[in-house]
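The structure is given below, and queries will be raised subsequently.
Read the numbers this way: they start at 1 and go in the same order the structure lists the ligands and their atoms.
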Amino acid sequence: MTATRPNWLALEQKYDSGVYHKHQVVMVRGEGARVWDSEGNEYIDCVGGYGVANIGHSNPEVVRAVQEQAATLMIMPQSVPNDKRAEFLEELVSVLPGNLERVFLCNSGTEAVEAAMKFAIAATGRHRFVACKRGFSGRTLGAVSLTWEPKYREPFQPLIGPVEHITFGDIEALRAAVDDQTACVLFEPVQGEGGVRPADAAFVQAAREITREKGALLILDEIQTGFGRTGKMFAMEHFGVVPDGVTLAKAMAGGVPIGAFAMTPEVADKMPAGGHGTTFGGNPLAMAAGVAAIRFMQREKLAEQAAEKGEYFMRRLREIASPKIREVRGLGLMIGVELKEKSAPYITALEHDEQVLALQATPLVVRFLPPLTISHAQIDRVVEAFARVLEQVNPREVPAAEVAEEKQTE
Ligand SMILES: *Cc1c(COP(=O)(O)O)cnc(C)c1O
């Protein structure tokens, strides 16, 4: 007698909050850059848990560290020192540039941004923020205030602020926006959700100078760009800029939930004791995973791998002679292909017809965030699959205005 398998898809759809557009597959297992659905089909995963799986799914070294730590000690609040936490903090600070040597630990990206906002208020005594158009900072009320996308933000107004969103890259607009009431300027060194757009070095460097002149903090959001993704351990290293603080999460613990706001001593020292906190932050389980993940990244020179593989991936994508492609851009293995069509049907076809998972970033862009351990052969398979769907999928009739190059409008 064979037991009937539960219908996981129906169960999840029945009980889910409803905020997600659900895919029609049930994923059950992962290894490296591959994942498998409940029917046993194998996929190449260029979603990578939204850019979490930099060291590959179920990386054996993280698995071992988590297994050992789970059997040793899972929870101990940050008010009580812990051996794994001390080890993790030393490891993290050793890979961060400059004097980003004081760390608030939390459990997600949006919490890291919330921490950054509170530390910025405490450090400056100011309450105004400057962020960028197309920027994404998370979904809690503080972080979503900095996020630009109106459909994420507007239904929940009034939010935290005031926040001024300037055009990403516009130095004069930045200079005009930052004044003696600005607590911080916060943006991503490569915008992810906003369409995979690397910053100009001149803009990041100007942001450093302007914030310093005006007594505001510069905070970079490296939640998606950190830990080798862009071909350096942190994207800020491409620009030679050290901010006053950096938000971190996603890949930091190899797949275990984690977040952090790392800052200079000058910033940390201005927050009163008890000014912020979180129960799960710095829990030994995440710390053990984080130690194993960062050591793996360093030993395997994963950032260098991402730089080389990213160039290869983008070169191969540029070789696709499709009139549907407007631009291939990115940094390291953070890659976006802007189409002259809506990207969603192509992403769906990649999943259904080619067993390749890719991610949308704005309505026109297909985003690839594969594990940095992806092989060249797997990259080839993704590029060939993408070329086929570009050939085979007929664009839906959409008004030309909707597929024109996206502008940073209000
Ligand atoms: C994913 C992301 C966040 C939010 O992180 P969560 O863990 O989803 O809360 C914030 N900023 C950037 C740049 C991100 O990519």
Problem - Met287 CE to Gln69 CD distance, which is reported to the nearest 0.5 Å - result: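 If we round to the nearest 0.5 Å, Met287:CE and Gln69:CD are 10.0 Å apart.
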Exercise for the section: Pick one of side chain, backbone, both or neither for how Ser137 approaches ligand 1, counting any non-hydrogen atom pair under 4.0 Å. Expected result: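 Backbone only.
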Exercise for the section: Specify whether Phe119 and Phe104 have parallel, tilted or perpendicular ring planes, treating 30° as the upper limit for parallel and 60° as the lower limit for perpendicular. Expected result: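 Correct class here is tilted.
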Exercise for the section: Write out the residue and atom name of the closest protein heavy atom to atom 5 (O) of ligand 1, then the distance separating them to 0.1 Å. Expected result: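 Checked against all protein heavy atoms, atom 5 (O) of ligand 1 sits closest to Gly109 CA, 3.2 Å.
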Practice task
Pick, from Asp221, Thr110, Val113, the option with the minimum heavy-atom distance to atom 13 (C) of ligand 1.
Solution key: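 Result: the heavy atom closest to atom 13 (C) of ligand 1 is in Asp221.
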Exercise for the section: Kindly say whether Thr147 contributes a backbone atom to a donor-acceptor pair with the side chain of Arg153 at under 3.5 angstrom? Expected result: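 Confirmed, Arg153 side chain pairs with Thr147 backbone.
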Exercise for the section: Check whether any N or O atom of Glu188, backbone or side chain, sits under 3.5 Å from an N or O atom of ligand 1, and answer yes or no. Expected result: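 No; the residue has no nitrogen or oxygen that sits under 3.5 Å from a nitrogen or oxygen of the ligand.
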Handout entry: Lys250, portion touching ligand 1 at heavy-atom distance under 4.0 Å
Key =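 It is the side chain that touches ligand 1; the backbone stays farther off.
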Practice task
Kindly assign one of parallel, tilted or perpendicular to the pair Phe187 and Phe168, based on the angle between their ring planes and the thresholds 30° and 60°.
Solution key: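 The rings of Phe187 and Phe168 stand perpendicular, inter-plane angle above 60°.
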Handout entry: Close approach of Gly192 to ligand 1, heavy atoms, under 4.0 angstrom
Key =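 Contact absent.
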Problem - Residues Glu209 and Arg212 bridged, charged N to O under 4.0 Å - result: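 No.
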Exercise for the section: Flag the pair Glu354 and Arg381 as a salt bridge only when some basic side-chain nitrogen lies within less than 4.0 angstrom of an acidic carboxylate oxygen. Expected result: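 A salt bridge is absent here (no side-chain N lies under 4.0 Å from a carboxylate O).
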Practice task
Output yes when a protein non-hydrogen atom is found under 4.0 Å of atom 8 (O) of ligand 1, and no otherwise.
Solution key: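 So far as the 4.0 Å threshold goes, atom 8 (O) of ligand 1 is out of reach of every protein heavy atom.
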Exercise for the section: Please determine if Ile223 has a nitrogen or oxygen closer than 3.5 Å to a nitrogen or oxygen of ligand 1. Expected result: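 Checking ligand 1 against Ile223, no N or O pair falls under 3.5 Å apart.
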Handout entry: Salt bridge present between Glu87 and Arg295 (N-O < 4.0 angstrom)
Key =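 Salt bridge present between Glu87 and Arg295.
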Practice task
Would you please determine whether Phe136 falls within less than 4.0 Å of ligand 1 on a heavy-atom basis?
Solution key: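 In this structure, Phe136 qualifies as a contact of ligand 1 - some heavy atom is under 4.0 Å.
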Problem - ligand 1 N/O within reach of Gln224 N/O, cut-off under 3.5 Å - result: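 Yes; the residue has a nitrogen or oxygen that sits under 3.5 Å from a nitrogen or oxygen of the ligand.
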